[in-house]
Amino acid sequence: NTSSLAYPVGTTLDRFIKLKQEEFQFASGELSQLLRDIALAAKIVNRETNRAGLANIGGAFGQTNVQGEEQQKLDVIANIRFTRALTKGGEVCAIVSEEDDEVIDLQNGSGKYVVAIDPLDGSSNIDVNISIGTIFSIYRRVTPIGSPIQPEDIMQPGNQQVAAGYVLYGSSTMLVYTTGHGVNGFTYEPSLGEFFLSHQNMVAPSDGNIYSVNEGSYYQFEAGLQEYIEHCKAKFYSARYIGSLVADFHRNLLKGGIYIYPATQKSPNGKLRLLYEANALSFIAEQAGGKATDGHGRILDIQPTALHQRTPLFIGSKNMVDEAGNFLKKNATTV
Ligand code: P6P
């Protein structure tokens, strides 16, 4: 299992991708190039994010996206930056973005890959200077290269991902990704414009004592989940909920913990989207030895039926996700 190969900390992302490509014989390097394209866009969005307060690009953009959420200017900028980088990179034939109602067909006859992306998740946190993130999934198209994009190219279950990752624009900016051979984290050094390997072969603790859920919705939760939350309190777990999925997920990945966005009366399918939030983080969680379900079944096995469909999400330390699932099973009732 070469994912345990030691690479010197200080290896740049570019060098790491090249070394990994040699190990795994990526088809002729297109996926490597695609990962570099994403990293480039992340560096640009990082710079825009850091300037948001100064360059009068914070605050609402005045339009709403497909979710009916007020688009923040940075949302729009991030969407443009990632879409442009992926278009210019030449490896992608279609993009599914939280910010676009329809699939973006890049009309790229040689593009092998489909990218599903949330360009800037948690963007309501921009104006209050809380960490935000980009989340992305990469699939190989299933219809012949060069032919028109078909629904089956887009509506693939998460277990078909060839890569997935997130960028966390936090106290430092990190890019964390997997190609199905373990999870590796890179920290950005703005003065050098490089991501450096800082978290090699990340492993999620199988247990933890952090639970992340919006308890303001407690009375909308099904009985089993209410019982699980009482169980967490009885065990003196720590409640940590930033309101920014990537930040909560990343902390729980490192320290152990569970993040829950469940079905509620207001959101019977939860709030998070399957294609460009849950699937990517679930792939990463599983590659790090963690687990991700919708409370009952494996997220990665869900067959998508709608572009922006939502799913409940229980994700993080394996034993905690299992335990929460047992509480739900014991009290199975409809919301
Ligand atoms: P609530 C941000 O809008 C987001 O998509 C996630 O980043 C975050 O975890 C969640 O929604 C917060 O939602 O309903 O608890 O405010």
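Numbering of ligands and ligand atoms starts at 1, following listing order. Source: prediction; values computed, not measured. What's counted below: heavy atoms across the whole structure, side chains too, no hydrogens, waters or symmetry copies.
In terms of polar-atom proximity, S124 is not counted as a contact of ligand 1, lacking any N or O under 3.5 Å from an N or O of the ligand.
Exactly one residue among K329, K291, R298 makes a salt bridge (charged side-chain N to carboxylate O under 4.0 Å, His left out) with D322. That residue is K291. Paired with T173 under the rule side-chain hydrogen bond (donor to acceptor under 3.5 Å, both in side chains), one option of T49, N50, N46, T187 passes, and it is N46. Of the options Y7, F196, F195, a ring pair (Phe, Tyr, Trp, His ring centres under 6.0 Å) to F16 is made by Y7 and by none of the others.
Within ligand 1, counting atoms from 1 as listed, the ones closer than 4.0 Å to a heavy atom of Y241 are 1 (P), 9 (O), 10 (C), 12 (C), 13 (O), 15 (O). Close approach of ligand 1 to L245 (heavy-atom distance below 4.0 Å) involves ligand atoms 6 (C), 7 (O), 8 (C), 9 (O). Close contacts between ligand 1 and Y261 involve ligand atoms 1 (P), 13 (O), 14 (O), 15 (O) [criterion: under 4.0 Å to a heavy atom]. Interface atoms of ligand 1 facing L272, defined by a heavy-atom separation under 4.0 Å, are 5 (O).
The heavy atom nearest to atom 13 (O) of ligand 1, considering only K271, K266, E98, is found in K271. Atom 16 (O) of ligand 1 has its nearest heavy-atom neighbour, among N214, D121, I260, in N214.
From T179, atom OG1 reaches atom CG of L35 across 7.5 Å, with rounding to the nearest 0.5 Å.
One hydrophobic cluster holds both I299 and V176 under the rule that ILVMFWY side chains link at heavy-atom gaps under 4.5 Å.
Formation of a donor-acceptor pair under 3.5 Å by the R36 side chain with backbone atoms of G89 is not found in this model.
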